[in-house]
Each structure stands twice: as structure tokens, then as C-alpha cells.
Amino acid sequence: MDSYDAVVIGGGPAGLQATLTLARVHRRVLMIDSGSYRNDPAGHMHNVVTHDGTPPGEFRAAARKDLAAYDTATVRDETVTSVAMDGDHVVVSLGDELVRARGVVLATGVVDTLPDKPGLSELFGSVVAHCPFCHGHEFAGGHVGILGVGGAGHLPGLVGPIASRITVYTDGEDLGADLPAGVAVRTDAVTGLCRSAAGATISFADGPSEEVAGLFVSTTFAQRAPFAEQLGLRLNPSGCVEVDVMGRTSLPGVHAAGDMAHVAALPMPMASVLTAAASGQVAAASLAAYLL
Ligand SMILES: Cc1cc2nc3c(=O)[nH]c(=O)nc-3n(C[C@H](O)[C@H](O)[C@H](O)COP(=O)(O)OP(=O)(O)OC[C@H]3O[C@@H](n4cnc5c(N)ncnc54)[C@H](O)[C@@H]3O)c2cc1C
């Protein structure tokens with residue numbers, strides 16, 4: 001069985017940074033990456049200082065190049081099937097192969113489920129977005145839609161200075177709240193979307209279709225990997241792993257970072273490339289301290 005100081009599971013921003021942090025202090029660290037990233041649908045990432053507009057794949061390639069400079073860091077493109085404790089060690093399974101480590105950083109991210117509308121998933125990450133900080137400026141000066149009542153509370157105000165016009169499409173639901181002045185509401189059931197020259201055409205069960213430059217949706221998300229459940233880690237109501245401010249989970253030696261984890265004081269992760277990387281750094285530094 002191969003043995004390491006630490007295993008990092010996940011090669012997104014959280015896992016890449018956690019691995020770099022452990023490599024910087026010459027810990028024998030193995031990063032394992034199954035190659036499924038939350039921002040896979042997006043061609044470019046934004047709101048990432050020095051990388052505003054960089055394709056996510058370029059960012060990851062640059063991060064792996066950084067890691068290649070450290071002899072104690074190993075990267076494997078494989079899928080972890082299980083994680084278990086063996087006394088005070090962690091045993092990570094890659095199919096039939098077992099890897100042992102004194103600690104682990106889980107950075108396996110989450111998976112989004114989108115509103116079930118024909119054509120919507122194909123446009124997610126470009127014309128359809130869930131975060132105005134990531135995709136908002138790209139719709140500047142255009143008609144921006146908000147699908148569903150979930151985002152109707154905060155998105156009109158947030159997107160207001162970007163859009164020329166905003167419409168909330170309630171998709172048959174009751175809005176149940178007042179909107180800022182000037183925000184239009186359409187209540188008919190949305191039947192589908194397709195790409196158009198302006199952005200997207202939205203069709204409805206009744207009445208004419210509408211053109212938008214961009215459409216915001218709310219997603220639900222779940223753990224991408226089963227390890228929190230396998231290890232019996234304490235979860236937040238969001239379904240993310242509960243960590244303290246140092247990225248420690250309820251199990252000693254098991255740290256977590258990125259979108260899959262957050263402190264109990266937050267309702268959900270502050271999901272972004274930089275916050276994921278920052279939490280990866282903190283979780284790895286506190287794991288290095290634990291290993292002492
Ligand atoms: C469409 C979209 C666009 C976005 N755009 C932006 C943006 O412009 N700017 C921004 O800051 N944020 C953006 N985000 C958010 C950002 O992508 C996430 O917050 C960030 O990627 C989270 O990083 P992470 O490392 O936690 O998870 P991820 O990047 O999802 O990485 C998870 C890692 O875990 C690995 N993994 C999972 N299970 C296993 C397993 N069993 N074995 C081995 N490896 C495993 C995966 O392969 C992957 O390497 C966007 C999100 C979406 C959905």
C-alpha cells in the first residue's frame with residue numbers, strides 16, 4: 001500500500017491549492033482528480049483576480065504546472081471509490097488499489113441540478129447563469145430574465161445596474177413579494193429555451209415568446225462524492241460538510257474545502273474559484289499543523 005502524509009481528493013481550485021500548500025512544506029501529498037468540475041459548463045471564469053475571463057481548463061493546467069515543481073507532490077487522474085479510517089490513518093480506495101495517509105483534504109465539490117426545462121441545460125454556463133458575479137457583466141445593457149421565484153428576492157436588485165430591463169418569469173408560481181420598481185413579471189408556465197442572436201428565446205405555454213440577453217436560474221446542489229456519508233461527517237442543513245474556520249471536519253485528520261464544505265454560520269458555501277482556493281489553503285495548512 002502506498003503511503004503519504006496527505007491525500008487531497010479533488011483537482012478543482014480547492015484541491016489544487018490544498019496540494020500546493022502541502023507541497024510547499026514538502027509533505028508527501030497525493031492529489032487525485034476524477035476530472036469532473038462544477039464549472040465544466042462555463043467557457044470562461046470571471047471575478048477571479050488576474051484570471052478574469054480565463055477558461056477554467058487553462059487555470060487548472062497552470063495550477064498543475066505549479067505543482068510539477070515540487071518533488072513531494074504527486075497527481076493522479078483517477079476516481080476514488082471510498083475513504084475510510086483505519087485507526088488514526090486514512091485509507092483511500094482507487095478501485096482495488098489502497099492508498100494510506102495520515103490525513104486527507106476532501107475537495108470533491110458539488111453537482112448542480114437545474115430547473116427541468118427543455119433547452120435550459122444546453123445554455124447553462126453561457127446565456128443561462130446562476131451567479132451574477134460570475135456571469136452578469138456579459139449581459140450588460142440587455143434584457144435580463146430571472147426564472148422562478150427563488151431568485152426574485154435578491155437578483156433584481158443585484159442585476160439592476162447591469163440590465164436595461166428585467167423580467168421575473170414565475171413559471172406559474174406565486175411571487176409572494178414586492179419587486180423593485182420597473183421590474184416586469186410574467187407568470188405563464190415556461191416551456192423551453194433556445195439560443196438566439198440576442199441570447200435566448202424563452203417560450204411559454206401561452207402567449208408570445210420573449211428574447212433575453214441572459215437568464216438567471218436557481219440550482220439545487222448535492223455532494224459530488226459519497227465520502228462525507230462514508231465517513232459519517234457532520235453536515236450543515238445545506239448538505240455541505242460542516243467545517244470550522246480552519247477547514248476541520250467533525251473527524252480528526254479529515255479536512256474539507258471548496259464548495260462541498262462551509263462553516264455552520266453560513267447558509268451555503270461562498271461558491272467561487274477564489275473562495276474555494278482560499279479554503280483549500282486554510283484546510284491544508286491546518287492539516288499540516290495536525291500532522292505535527
Ligand atoms: C456554470 C458555472 C460557472 C461558474 N463560473 C464561475 C466564475 O466565473 N467564477 C467563479 O469564481 N466561480 C464560478 N463558478 C463556481 C466555481 O466553479 C466553484 O465555486 C468552484 O469550482 C469550486 O471549486 P471546488 O474545488 O470546490 O470544486 P470543483 O471545481 O467542482 O472540483 C471538484 C473536484 O473533485 C473531483 N472529484 C469529485 N469526486 C471525486 C472522486 N470520487 N475521486 C476523485 N476526484 C473526485 C472532481 O473531479 C474535481 O476535480 C461557476 C460555477 C458554475 C456551475
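Because the structure is a prediction, the values reported are computed rather than measured. Side chains are part of it too, since the values below use all heavy atoms of this structure and drop only hydrogens, waters and symmetry mates.
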Among the clusters formed by ILVMFWY side chains lying less than 4.5 Å apart, do Val91 and Tyr4 turn up in the same one? no
Could you go through the side-chain contact (heavy atoms from CB on, under 4.5 Å) check for Leu155 and Val144 one step at a time? CA-CA 10 Å; Leu155 281 173; Val144 171; over 6 Å; no
So, His46 and Glu138: side-chain donor and acceptor under 3.5 Å apart, yes or no? yes
Quick one: do Val48 and Leu20 end up in the same hydrophobic cluster if we chain Ile, Leu, Val, Met, Phe, Trp and Tyr together by side-chain heavy atoms under 4.5 Å apart? no
Just by distance, do the side chain of Asp86 and the backbone of His89 share a donor-acceptor pair under 3.5 Å? no
Sidechain-backbone polar pair: Thr219 side chain, Asp112 backbone, donor-acceptor under 3.5 Å: no
How about Ser82 and Gln230: does a side-chain donor come under 3.5 Å of a side-chain acceptor? no
Is the shortest side-chain heavy-atom distance between Pro115 and Leu120 below 4.5 Å? yes
Separation between CZ of Arg248 and OG of Ser286, rounded to the nearest 0.5 Å: 5.5 Å
Please confirm whether the backbone N or O of Thr191 pairs with a side-chain atom of Ser203, one donor and one acceptor, at under 3.5 Å? no
Check the hydrophobic clustering (I, L, V, M, F, W, Y; side-chain heavy atoms under 4.5 Å; chains of links allowed) and say if Phe227 and Val8 are grouped together. no
Any side-chain heavy-atom pair of Val104 and Leu106 under 4.5 Å: yes
Using 0.5 Å steps for rounding, measure from the CG atom of Leu193 to the OH atom of Tyr169. 9.5 Å
Same hydrophobic cluster for Val254 and Val105, using side-chain heavy-atom links shorter than 4.5 Å among ILVMFWY? no
Determine the minimum heavy-atom distance between His135 and Ala129, stating which atoms define it. CB-CB, 3.5 Å
To the nearest 0.5 angstrom, please state how far the CD atom of Gln281 sits from the CG atom of Leu16. 13.0 Å
Should the pair Arg60 and Tyr37 be classed as cation-pi, given the thresholds of under 6.0 Å to the six-membered ring centre and 45° from the axis? yes
We want to know whether Tyr70 and Arg24 form a side-chain donor-acceptor pair, criterion being a heavy-atom distance below 3.5 angstrom. yes
Look at the side chain of Thr81 and the backbone N and O of Gly95, then say whether any donor-acceptor pair between them is shorter than 3.5 Å. yes
Is a salt bridge present between Arg76 and Asp33, judged by a nitrogen-to-oxygen distance below 4.0 Å? no
Evaluate Val92 against Leu98 for side-chain contact (heavy atoms from CB on, under 4.5 Å), listing each step before the verdict. CA-CA 6 Å; Val92 171; Leu98 300 180; over 6 Å; no
Determine the minimum heavy-atom distance between Ile146 and Ala152, stating which atoms define it. CG2-N, 4.4 Å
Heavy-atom neighbours of His137 NE2 exceed 12 at 6.0 Å: no
Can you check side-chain contact (heavy atoms from CB on, under 4.5 Å) on Phe216 and Val159, steps first, answer last? CA-CA 10 Å; Phe216 285 99; Val159 176; 3.8 Å; yes
Please confirm whether the ring centroid of Phe124 lies under 6.0 Å from the ring centroid of His130. yes
Crowded around Asp77 CG? As in, over 12 foreign heavy atoms under 6.0 Å? yes
If you group Ile, Leu, Val, Met, Phe, Trp and Tyr by side-chain heavy-atom gaps below 4.5 Å, do Leu179 and Leu215 land in one group? no
With rounding to the nearest 0.5 Å, note down the distance linking SG in Cys131 to CG in Asn47. 7.0 Å
Between Leu233 and Thr249, the two heavy atoms sitting closest are CD2-OG1, 3.6 Å
Taking the six-membered ring of Phe59, is NZ or CZ of Arg64 closer than 6.0 Å to its centre and within 45° of its axis? no
Taking Asp259 first and then Arg38, would you say they form a salt bridge - that is, a charged N and a carboxylate O separated by under 4.0 Å? yes
Which residue is it: Thr187, Val190, Asp188? I am looking for the one with a side chain to side chain contact (heavy atoms under 4.5 Å, CB included) to Asp171. Val190
Does the side chain of Ser250 reach to within under 4.5 Å of the side chain of Glu242, using non-hydrogen atoms? no
Does Gln223 reach the main-chain N or O of Met260 with its side chain, forming a donor-acceptor pair under 3.5 Å? yes
I need the Leu251 CG to Asp88 CG distance, nearest 0.5 Å. 11.0 Å
Nearest heavy-atom neighbours spanning Leu22 and Ala6: CD1-CB, 3.9 Å
Do Phe139 and Pro132 have side-chain heavy atoms sitting under 4.5 Å apart? no
Please name the pair of heavy atoms, one in Ala284 and one in Ala18, separated by the smallest distance, quoted to 0.1 Å. CB-O, 3.3 Å
Testing the 3.5 Å rule here: is there a donor-acceptor pair between the side chains of Thr167 and His143? yes
Find out whether Ser238 and His262 are in side-chain contact, i.e. whether some heavy atom of one side chain is under 4.5 Å from a heavy atom of the other. yes
Hydrogens and angles aside, do Ser93 and Glu97 bring a side-chain donor and acceptor to less than 3.5 Å of each other? no
Taking the side chain as every heavy atom from C-beta outward, state whether Val7 and Val29 have any pair of such atoms under 4.5 Å apart. no
Heavy-atom closest contact (Gly43 atom, Pro56 atom, distance): O-CD, 3.5 Å
Atom pair OG1 (Thr72) and CZ (Arg28), whose distance is rounded to the nearest 0.5 Å: 8.5 Å
Indicate whether any N or O donor in one side chain lies under 3.5 Å from an N or O acceptor in the other, for Arg195 and Ser126. yes
Decide side-chain contact (heavy atoms from CB on, under 4.5 Å) for Arg102 and Val90; before the verdict, give the C-alpha distance in whole Å, the side-chain angles of both, and the deciding distance to 0.1 Å. CA-CA 6 Å; Arg102 292 172 56 217; Val90 178; over 6 Å; no
Looking at Ala257, is its backbone amide N or carbonyl O close enough to the side chain of Ser279 to form a donor-acceptor pair, meaning the two atoms are under 3.5 Å apart? no
Heavy-atom distance under 4.5 Å between the side chains of Val49 and Asp52, does that happen here? no
Strictly distance-based, threshold 3.5 Å: is any side-chain N or O of Thr275 a donor or acceptor partner for the main-chain N or O of Met270? yes
Is there side-chain contact between Val99 and Leu30, with heavy atoms separated by less than 4.5 Å? yes
